[in-house]
There are 2 protein chains.
Amino acid sequence: MPATIRDIKEQTGLSLATISKYLNGGNVLPENKKKIEASIKDLHYEVNELARGLVTSKTRTIGIMVHNISSPFSGQILHYLTEALREKQYGVLICDSNNDEKLERENVKYLLGKKVDGIIVVPVTADPTFLDATFKKNVPVVLLDRTLSGGRFDCVKIDNRGAVVRAMQVLLNNRHTKIAIIASKREYTGRERYTGFGEAMKRAGLTMHKPYVKLGVHSLAWGYESMKELLAMKDRPTAVFTDNYEITLGAMMAINESGFKCPDDISVLGFDDNVIFHLIDPPVYMVKQPLKEMSNKAVELILGRIETGSLEMPMEISLGTTLVEGESVKKL
Amino acid sequence: MPATIRDIKEQTGLSLATISKYLNGGNVLPENKKKIEASIKDLHYEVNELARGLVTSKTRTIGIMVHNISSPFSGQILHYLTEALREKQYGVLICDSNNDEKLERENVKYLLGKKVDGIIVVPVTADPTFLDATFKKNVPVVLLDRTLSGGRFDCVKIDNRGAVVRAMQVLLNNRHTKIAIIASKREYTGRERYTGFGEAMKRAGLTMHKPYVKLGVHSLAWGYESMKELLAMKDRPTAVFTDNYEITLGAMMAINESGFKCPDDISVLGFDDNVIFHLIDPPVYMVKQPLKEMSNKAVELILGRIETGSLEMPMEISLGTTLVEGESVKKL
DNA sequence: CCGTAAAATCAAAACGTTTCGCTGCACAGC
DNA sequence: GCTGTGCAGCGAAACGTTTTGATTTTACGG
């Protein structure tokens with residue numbers, strides 16, 4: 001029912017090839033150009049992307065897989081990514097891996113089936129094999145926020161270790177020595193931040209007290225439970241570093257419910273800036289990631305690969321972070 | 001490079017038609033079935049969805065347009081929607097309207113260009129004409145959370161007025177009479193809730209005090225500024241109804257910063273449940289929407305339209321809400 | 001006015017499926 | 001032994017583009 005290039009051919013008397021050329025920005029005589037444009041308007045013609053995709057095997061669509069679509073982190077990342085891609089006339093096919101390795105594997109298959117031109121992924125799994133198929137099909141991949149071993153893919157992330165080492169100065173400068181950490185050990189970011197934490201402690205000449213180290217999963221519940229346990233200790237830590245948004249939130253909930261006061265009884269230093277943390281009492285001292293810059297860089301990288309077909313070595317880009325002051329750290 | 005149905009034809013000696021029939025679940029002789037399956041495995045064949053889509057003009061893809069992808073509401077909705085659609089083997093093309101009418105209009109065009117089989121939309125614009133094109137192209141649309149005038153589209157939402165009327169009982173039962181409202185007037189939900197608010201006041205024999213009515217936009221800032229103004233009044237309201245997540249959050253921020261205490265100095269009743277509101281001090285009394293049920297219903301509706309091609313009258317489904325108790329309302 | 005290079009146009013093939021209408025076969029009922 | 005019915009299978013056409021290599025038109029210097 002909708003008009004095709006063939007209808008335009010009938011109306012203008014030109015050949016398919018010429019019309020196609022016009023549609024793709026080629027040179028046609030001004031006179032013919034006029035005819036074609038008039039005909040397009042008259043017939044309400046729009047190109048059928050499916051047919052075009054079939055012959056070019058390009059769809060101008062990027063697949064995006066996020067670890068968990070309902071986290072605020074994903075919300076912001078998706079906002080920036082879709083904005084940047086839209087600007088370049090690319091569409092996005094979004095998948096939620098829901099922190100599930102099996103689903104993540106399926107998502108890759110699904111996206112390749114949809115013939116996306118490239119994939120941006122915030123990975124759940126540490127094992128990079130789930131992306132093998134993209135390699136075979138020559139579909140470029142850019143990792144976001146978390147890298148994978150093997151160095152086979154471009155990656156945009158932040159310098160997690162460095163960020164934590166610097167942030168820890170805040171606690172150290174305020175003379176904290178009994179410092180705990182609540183982190184996720186399942187993800188790259190959590191492990192990196194834990195490493196940074198260890199480094200900072202070591203440099204300060206402090207030793208890590210085993211019961212103060214709470215490595216678990218990326219969830220509000222883990223932050224909540226861990227903080228409860230820390231607060232219940234006879235020998236309470238004076239400060240806690242919390243790995244991410246969900247854990248920080250859970251930890252603050254635990255403190256608020258417990259009767260203890262932050263920062264009087266316990267100080268908190270968090271990761272992942274969010275407007276929430278300016279609201280709650282007290283405002284939390286946080287490490288803030290440059291989400292917009294990360295997103296833009298990821299888009300730039302993947303479009304570079306797609307449009308130049310570049311096979312250069314994958315590059316890993318680490319962006320810097322900033323510190324957002326709060327009132328959750330007490331001077332001892 | 002990837003194997004096609006033609007390669008299978010060569011290997012099995014069968015015709016294209018037979019192989020296609022098999023791929024689409026038709027009956028073939030057990031013997032041939034074996035041959036085809038062996039060949040598929042051998043060649044790593046997978047159907048080219050682009051080619052299939054070209055001839056069937058179905059893509060098994062649903063377009064989803066949300067008013068603002070970085071809001072927690074969208075995050076949750078998207079999570080449930082993608083989950084339900086994935087289960088039915090449908091993919092999703094997600095667009096962020098970013099609260100921008102122009103972008104919303106473009107998104108419709110974009111999705112239709114991508115030949116989606118249907119569109120689920122949380123609309124920004126009140127004027128339904130931006131969806132006209134879907135009508136012409138026979139692409140079913142389901143509205144989510146907000147309906148549009150004209151009654152031309154299926155819609156899944158909650159009973160906003162009723163929810164507010166019932167929620168207001170909490171304030172009324174606690175003998176509040178000086179009640180303010182901070183709401184967005186740009187969206188359907190805000191206007192409906194405002195109407196419900198008015199109804200509840202009227203039924204209780206109370207009159208709305210103009211300065212207590214803050215109708216503005218759906219943003220943290222509006223909630224924040226409005227609450228500041230309310231607090232600055234000589235004749236302060238004793239309670240405030242806040243329309244949505246962002247406004248409630250902003251309002252709580254304003255209270256916390258102002259030196260006033262909730263609920264001692266001012267009570268708050270909010271809309272949109274979120275884990276945040278259990279954390280902050282005090283936990284907020286809230287109306288909670290059944291997001292999962294809403295999402296599932298929307299998927300059910302749109303797949304029904306697509307798969308049966310039904311042209312029945314559009315239906316509007318209103319689901320009920322629940323009340324989540326908090327400590328933000330004071331008994332007078 | 002001719003010859004030639006460059007630019008514009010053309011017809012036809014290709015992309016990988018599904019679908020249409022037809023043929024051939026086996027089997028049942030009379 | 002004939003007719004009728006139903007099922008698998010088949011070849012060919014269709015879906016709406018882009019691309020290729022050949023051909024025509026244009027422009028221009030000599």
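Nothing here was measured: the structure is a model prediction, and the numbers come from that model.
Look at A:N24 and you'll find a side-chain N or O under 4.0 angstrom from OP1 or OP2 of D:dT18. For C:dA8, the OP1/OP2 oxygens have no side-chain nitrogen or oxygen of A:T18 closer than 4.0 Å. When the side-chain nitrogen and oxygen atoms of B:R52 are compared with OP1 and OP2 of C:dT18, one or more of them lie within a distance under 4.0 Å.
Spacing between atom NZ of A:K58 and atom C1' of D:dT17 amounts to 16 Å, rounded to whole angstrom units. Here C:dG16 presents its P atom at 12 Å from CG of B:L16, a figure rounded to the nearest Å. For the pair B:I5 CD1 and C:dC15 P, the interatomic distance rounds to 14 Å; values are reported in whole Å. Between B:I36 atom CD1 and D:dA8 atom C1' there is a gap of 11 Å when expressed in whole angstrom units. Distance CG (B:L23) to P (C:dT18): 6 Å, rounded to an integer number of Å. Counting to the nearest Å, the C1' atom of C:dA11 and the CZ atom of A:R6 are 11 Å from each other.
Ion pairing between A:K297 and A:E300 holds under the 4.0 Å rule for side-chain N and carboxylate O. Salt-bridge annotation for A:K88 and A:E307: absent, with no side-chain N of the basic residue lying under 4.0 Å from a carboxylate O of the acidic one.
The side chain of B:T4 approaches C:dG16 more closely than any other nucleotide in the set C:dG16, C:dT19, D:dT17.
Mapping B:N27 and A:K21 onto DNA chain D by nearest heavy atom places B:N27 at the nucleotide closer to the 5' end. Residues B:K9 and B:V55 each lie close to DNA chain D; by heavy-atom proximity, the contact nearer the 5' end of the strand is made by B:K9.
Heavy atoms of B:Y22 sit nowhere under 4.0 angstrom from any nucleic acid atom. As judged by a 4.0 angstrom heavy-atom cut-off over every strand, A:L14 is placed among residues touching the sugar-phosphate backbone only. Within the nucleic acid shown, B:E46 comes within 4.0 Å of sugar-phosphate atoms alone, with no base atom in reach, counting heavy atoms only. Using a 4.0 Å heavy-atom cutoff across all strands shown, A:L29 reaches sugar-phosphate atoms only and no base atom. Across all strands shown, A:S20 has heavy atoms under 4.0 Å from base atoms, whether or not it also approaches the sugar-phosphate.
Under 3.5 Å, the side chains of A:T129 and A:D127 contain a donor-acceptor pair of N or O atoms.
Between A:H218 and A:H67, the ring planes lie tilted relative to each other; the angle falls in the 30° to 60° range.
In this structure the side chain of B:T59 never reaches within 4.5 angstrom of the side chain of B:K114, judged on heavy atoms.
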